[in-house]
> 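Okay, here's the structure, questions in a sec.
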Amino acid sequence: MRSMFLGKGKDDLIQDIAKAGLPLSPAFKSGIWYQYYFQTERGRAGLTTNRREIARILWTRNSPNWHFDEVTLDQHASAFDNSDYVEVVLHFYRHHLGLAAGYPMYEELEQRLAAQPTITVPTITLDGDADGIVPATDGKSTAVKFSGEHQHRVIPNVGHNLPQEDPKAFATAVWELASKKR
């Protein structure tokens, strides 16, 4: 088994509900305004009415060096037309902040992941150095979570959407892991 950890920290990939109420820096929180907006009925109405516009704002702010075109946005926006899109998005952010229950069938798995078990397989972590939400790190703060081979890379001029902004750097990391002898 190979691992590819692509988050900026544990909050990105694993919901740590027990710590959801702890404060983070105002500079960080101001970048994720939408998470709080989606807690309100106004946020529900806004996401229902302005799905594409909200995506454009988030993409632009979260990945300021990514100059996506209308075709790319349109390709993604078609997924926003799914009938349960708004409810899925709202539930995700509400659960992320501990304001909505998780799905019972995943509760046991969620508890195991919340314990932050050590990752024992070879792993490459990636940060974009132009992320409009979370600054790139040197990887040291999460290094203790890996007991197997671990590399951390900072990808230049890339924001929050690393796989799409620099698919070559992303694919290279995936290929390196997939090519390792077991």
> Looking only at heavy atoms, which two atoms of P64 and A130 are closest? And how far apart?
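Where P64 meets A130 most closely, the heavy atoms are CD-O, 3.2 Å.
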
> Spell out, as yes or no, whether a donor-acceptor pair under 3.5 Å connects the side chain of Q39 to the backbone of Q35.
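Indeed, once roles are kept as given, a pair shorter than 3.5 Å links the two residues.
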
> Do I57 and F92 sit in the same hydrophobic cluster, where Ile, Leu, Val, Met, Phe, Trp and Tyr count as joined when their side-chain heavy atoms come under 4.5 Å apart?
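Yes, one cluster joins them.
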
> Which heavy atom of F38 sits nearest a heavy atom of L90, and at what distance?
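What the structure gives for the nearest pair is O-CD2, 3.3 Å.
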
> Can you check whether R51 reaches I54 side chain to side chain, under 4.5 Å on heavy atoms?
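Not touching, per the 4.5 Å side-chain cut-off.
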
> Would Y93 and Y34 count as a side chain to side chain contact (heavy atoms under 4.5 Å, CB included) if you check the C-alpha gap in whole Å, the side-chain angles of each, and the deciding distance to 0.1 Å?
CA-CA 9 Å; Y93 287 113; Y34 55 93; 3.5 Å; yes

> Is there a side-chain contact between T123 and T125 in this structure, where contact means two heavy atoms from C-beta onward sitting under 4.5 Å apart?
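Yes, side chains in contact.
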
> Which atom names give the shortest non-hydrogen contact between A136 and G128, and what distance separates them?
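Looks like CB-O, 3.5 Å.
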
> Can any side-chain N or O of H152 pair as donor or acceptor with the backbone N or O of T137 at less than 3.5 Å?
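Confirmed, H152 side chain pairs with T137 backbone.
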
> Tell me if a side-chain donor or acceptor on T118 pairs with a main-chain N or O of S147 at a distance below 3.5 Å.
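Side chain of T118 to backbone of S147: no pair is present.
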
> Could you pull out all residues at least two apart from E149 that satisfy salt bridge (charged side-chain N to carboxylate O under 4.0 Å, His left out)?
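Salt bridge (charged side-chain N to carboxylate O under 4.0 Å, His left out) check on E149 returns K180.
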
> Hey, are the side chains of I32 and I133 touching, using non-hydrogen atoms and a 4.5 Å cut-off?
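Yes, their side chains come closer than 4.5 Å.
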
> Step by step, work out the side chain to side chain contact (heavy atoms under 4.5 Å, CB included) result for H95 and E110.
CA-CA 12 Å; H95 181 254; E110 186 175 310; 3.4 Å; yes

> Is any side-chain heavy atom of N65 closer than 4.5 Å to a side-chain heavy atom of V158?
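SC-SC contact between N65 and V158 ruled out.
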
> Does any donor atom in the side chain of D69 or T72 lie under 3.5 Å from an acceptor atom in the other side chain?
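Yes, a side-chain donor-acceptor pair sits under 3.5 Å.
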
> Pair W175, S179 - check side-chain hydrogen bond (donor to acceptor under 3.5 Å, both in side chains), show working.
CA-CA 6 Å; W175 184 252; S179 300; 3.2 Å; yes

> Measuring from I155:CD1 to D129:CG, what's the distance to the nearest 0.5 Å?
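The CG atom of D129 is 9.0 Å from CD1 of I155, to the nearest 0.5 Å.
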
> Does W33 share a hydrophobic cluster with V134, counting links as ILVMFWY side-chain heavy atoms below 4.5 Å and allowing steps through other members?
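Cluster IDs for W33 and V134 match.
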
> Can you give me the closest heavy-atom contact between S141 and V144, atom names plus distance?
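Smallest heavy-atom distance, with atoms named: O-CG2, 4.3 Å.
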
> Assign the ring pair W59 / H76 to parallel, tilted or perpendicular, where the plane angle (0 to 90°) is split at 30° and 60°.
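W59 and H76: perpendicular rings.
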
> Find out whether V174 and T172 are in side-chain contact, i.e. whether some heavy atom of one side chain is under 4.5 Å from a heavy atom of the other.
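No. Closest side-chain heavy atoms not under 4.5 Å.
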
> For R94 and T40, which heavy atoms make the closest approach, and how far apart are they?
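Closest pair (atom of R94, atom of T40, distance): NH2-O, 3.6 Å.
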
> So, do N62 and N161 sit near enough that their side-chain heavy atoms are less than 4.5 Å apart?
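The answer is no, as the side chains (C-beta and beyond) never meet within the 4.5 Å cut-off.
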
> When you measure from the side chain of S78 to the backbone of Q75, do you find a donor-acceptor pair of N or O atoms at a distance under 3.5 Å?
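The answer is yes, because a donor-acceptor pair under 3.5 Å joins these two groups.
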
> Please check if the side chain of K145 supplies one atom and the backbone of Q116 the other of a donor-acceptor pair under 3.5 Å.
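Yes; at least one donor-acceptor contact below 3.5 Å.
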
> Answer yes or no: is there a side-chain heavy-atom contact under 4.5 Å between Y106 and Q111?
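Y106 does not reach Q111 side chain to side chain.
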
> Would you please name every residue forming a salt bridge (charged side-chain N to carboxylate O under 4.0 Å, His left out) with E87, sequence neighbours left out?
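Once residues adjacent in sequence are excluded, the partners of E87 under the salt bridge (charged side-chain N to carboxylate O under 4.0 Å, His left out) criterion are R44.
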
> Decide yes or no on side chain to side chain contact (heavy atoms under 4.5 Å, CB included) for W66 and N157, but give the supporting numbers first.
CA-CA 8 Å; W66 183 30; N157 301 312; over 6 Å; no

> Could you pull out all residues at least two apart from A77 that satisfy side-chain contact (heavy atoms from CB on, under 4.5 Å)?
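Per chain and number, A77 pairs via side-chain contact (heavy atoms from CB on, under 4.5 Å) with R52, F80.
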
> Can you tell if the side chain of R56 reaches within under 4.5 Å of the side chain of F68, non-hydrogen atoms only?
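In contact.
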
> List for me each residue that meets ring-ring contact (aromatic ring centres under 6.0 Å, His included) alongside H150, sequence neighbours excluded, and say none if there are none.
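ring-ring contact (aromatic ring centres under 6.0 Å, His included) list for H150, sorted by chain: F146.
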
> Identify, with sequence neighbours excluded, every residue that meets salt bridge (charged side-chain N to carboxylate O under 4.0 Å, His left out) alongside R112.
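Applying salt bridge (charged side-chain N to carboxylate O under 4.0 Å, His left out) to R112 gives E108.
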
> Can you pull the salt bridge (Lys or Arg N to Asp or Glu O under 4.0 Å) pairs that have at least one residue in residues 153-175, sequence neighbours excluded?
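Output for this query lists R153-E176.
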
> Taking S63 for its side chain and T60 for its backbone only, find out whether a donor-acceptor pair lies under 3.5 Å.
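No, the answer is negative, given that no donor and acceptor are paired below the 3.5 Å cut-off.
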
> Grab the two heavy atoms, one from L73 and one from A55, that are nearest each other, plus how far apart they are.
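Taking L73 first and A55 second, the nearest heavy atoms are CD1-CB, 4.3 Å.
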
